[in-house]
Each structure stands twice: as structure tokens, then as C-alpha cells.
Amino acid sequence: MQEQPLNIPEGSRKEVMTYLEPFMLNEMSEYLKPVEQMWQPADFLPDSSRSTFFEEVRDLQESAKELPYDLVAVLIGDTITEEALPTYESWLMMVDDVDKNEQGGWMKWVRAWTAEENRHGDLLNKYLYLSGRVNMREFEMSTQYLIQDGFDIGTGADPYRNFIYTSFQEIATNISHRRVSGISKKSGDKLLAKMCGVIAADEARHAKAYMSFISKAFTVDPSEVMLAFEDMMRKKIVMPAHLLRQSGELQGQTFAHFSDAAQRLNVYTALDYVDILKELIADWKIDKVSGLNEQGEKARDYLMKLPDRLIRLADRIKIPELEYKFKWIY
Ligand SMILES: [Fe+2]
Ligand SMILES: [Fe+2]
């Protein structure tokens with residue numbers, strides 16, 4: 001049954017977020033699994049207590065040798081992005097109009113989500129350390145820089161913009177981890193393929209959760225959610241690691257090279273950006289949202305036309321063919 005829009009003053013989210021809170025609590029178990037049932041990095045990595053440890057590390061390094069240079073760069077950038085989790089957690093804690101009660105739905109969700117994400121960086125970091133291909137000090141400096149530099153993702157403290165952003169981002173990370181997994185498999189690194197596969201599956205679940213929050217918000221505050229979606233897309237969704245840098249560089253100086261490597265490998269491209277937008281438009285049934293005010297209708301028009309416009313722009317993007325030399329990689 002279609003729910004009736006709540007009668008809320010324009011720009012006020014509090015009532016909507018209070019309405020969403022029990023939903024978050026109830027649905028959480030569907031999107032986040034109990035800790036004991038989840039995979040842990042130790043399930044995939046050589047166990048240093050076993051006598052076969054060094055042999056296993058040697059095997060790991062043998063397979064890692066065959067990975068393309070650009071792939072190692074992308075993997076490092078992905079790992080740094082995952083390791084910058086403290087930034088995202090503190091950002092989500094700043095969102096307005098949500099109940100900051102420790103046992104409330106919002107706080108529980110943020111903590112549980114962070115705990116899940118934390119494994120991604122853990123797993124990839126240990127793999128990279130063992131692989132023998134990475135200058136760990138350079139990589140670690142970039143991680144420290146990224147957490148220190150933070151980001152500006154254009155959402156402000158608005159819960160709608162934040163959920164729209166995270167919906168987009170979780171789909172994007174699902175795509176990129178999945179593609180890295182595929183390329184690793186082709187290059188003969190089955191372990192890395194498996195690792196990125198399980199991470200991708202987590203991201204898909206997270207995407208579903210954030211998308212469901214927005215779906216629910218659309219039923220009660222359609223115009224404001226539509227305007228928030230339009231605004232985020234006008235600003236363009238930036239990657240959480242957009243300020244990525246290596247030592248001795250300025251904020252964001254490395255990001256473009258990392259992104260070029262991802263485009264060259266077809267791990268994440270401008271067309272993927274459009275596909276994610278299309279997926280969100282379809283999932284949130286943007287064409288069918290009812291109860292929109294005039295501004296909301298205009299925002300919908302903009303959004304419905306946007307994928308075609310972006311496809312035309314994507315055709316014109318030229319990616320440098322030459323691999324960039326990163327300090328991270330030996
Ligand atoms: Fe992640
Ligand atoms: Fe995620």
C-alpha cells in the first residue's frame with residue numbers, strides 16, 4: 001500500500017528520520033549478518049602459526065607477481081579508501097535530524113556498518129603487505145594523509161543527501177571490487193579474486209540497505225528526497241578518496257592517476273557512473289513517484305534526462321594510455 005506523505009514543514013527532516021528509525025532497527029538484521037556468521041580476514045590469509053606459513057606466503061607472492069601494474073595501483077587505492085573508514089564513520093555521526101541515542105537505530109546501524117567495513121581494509125592491507133610488491137611505508141603514509149585530509153562529499157549534514165551518496169558509493173565499490181576480482185582471477189591470483197569477491201558481496205548488501213532507506217523516505221517526503229537526489233547529481237558524486245595523495249604531494253594529486261588506472265582496466269569508468277545512476281532511478285521508481293510539488297517535478301525531469309546526457313559526455317572522455325608510476329609500487 002502506498003503510504004501517505006507526512007505533513008512536514010519544508011526542509012525539516014526530523015519527523016521523517018524518527019519515522020525511519022524503527023525501520024532501520026528492524027531491517028538491520030536483513031542487511032548486516034551476525035558477527036560469528038561472517039567471514040574474517042583470517043579465513044583467507046596465510047596463518048602465521050602454521051608450519052606451512054612461509055610456503056603459503058611464497059605461493060601468494062608467486063601469484064601476485066603476475067598482477068598487472070595498474071591493478072596493483074587500483075588495489076592500493078581501494079585499500080586506502082577502505083582504511084579511511086574513521087573519516088566516514090565520523091562523517092555519518094555528524095548527520096543532522098537523526099536520533100543520536102547510543103542504542104537508537106541510527107547509531108546502531110552506523111556502528112554495525114563500520115564494523116563490517118573495517119574488515120575490508122584489514123584483509124586487503126594484509127594481502128598487500130604479504131604480496132611483496134608494495135612499498136608499505138608509502139602506502140601507509142597515503143592512508144594517514146587521507147584520514148587526516150578527510151573529504152567533502154557535498155552532502156553536508158543532510159540525512160537524505162548522505163543516504164543518496166552512500167547508496168551510490170556502495171554500488172560503485174561493489175562494481176570495482178567485483179571487477180578487480182575478475183581481473184585477479186584471469187591473472188591467476190585465485191586468493192585475491194576470492195577476497196575481492198567477498199568484499200564486493202558486502203558492498204552489495206550495504207547498497208541495498210541505503211537504497212531501502214531512501215525508498216522509504218520517498219514514500220513520506222517525496223519532493224524533498226527528489227530535490228536532494230537532483231542536487232547530489234548536479235554536484236556530481238565524488239569518490240570518498242578524492243583527496244588521495246602520496247608523500248610530498250598536495251591533497252588530491254594522486255587521485256586522478258588512480259582513477260585513470262581504474263578506467264584503463266575497466267574497473268570503474270564514466271559509463272559505470274551512468275549505470276549506477278540508472279540503477280538508482282529504476283530502484284527508486286523515480287518515474288512513478290507521486291505527490292511531488294512543482295520543484296520536485298522539475299527535479300524528476302532533470303534526473304530522468306540525465307543518464308542520456310552523461311552517456312554523450314562519457315564518449316568524449318579520453319583516458320591517458322600510459323601507466324603512471326606510483327611511489328606505492330616497487
Ligand atoms: Fe568496503
Ligand atoms: Fe560498503
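The model shown is predicted, which means the values in this text are computed figures rather than measured ones. Just follow the structure's listing: the first ligand is 1, and inside any ligand the first atom is 1.
The Fe ion (ligand 1) lies closest to atom ND1 when only the N/O/S atoms of His120 are considered.
You'll find the side chain of Ile183 reaches within 4.5 Å of the side chain of Ser187, heavy atoms only.
In summary, an N, O or S atom of His206 is located under 2.8 Å from the Fe ion (ligand 2). Residue Glu117 counts as close to the Fe ion (ligand 2), with an N, O or S atom under 2.8 Å.
At the Fe ion (ligand 2), the vertex angle linking OE1 of Glu203 with OE1 of Glu170 is 90° (nearest 10 degrees).
Classified by interplanar angle (parallel below 30°, tilted 30° to 60°, perpendicular above 60°), the ring pair Phe326/Trp328 is parallel.
Phe163 has its ring centre less than 6.0 Å from the ring centre of Trp106. Separation of the Tyr165 and Trp91 ring centroids does not fall under the 6.0 Å cut-off.
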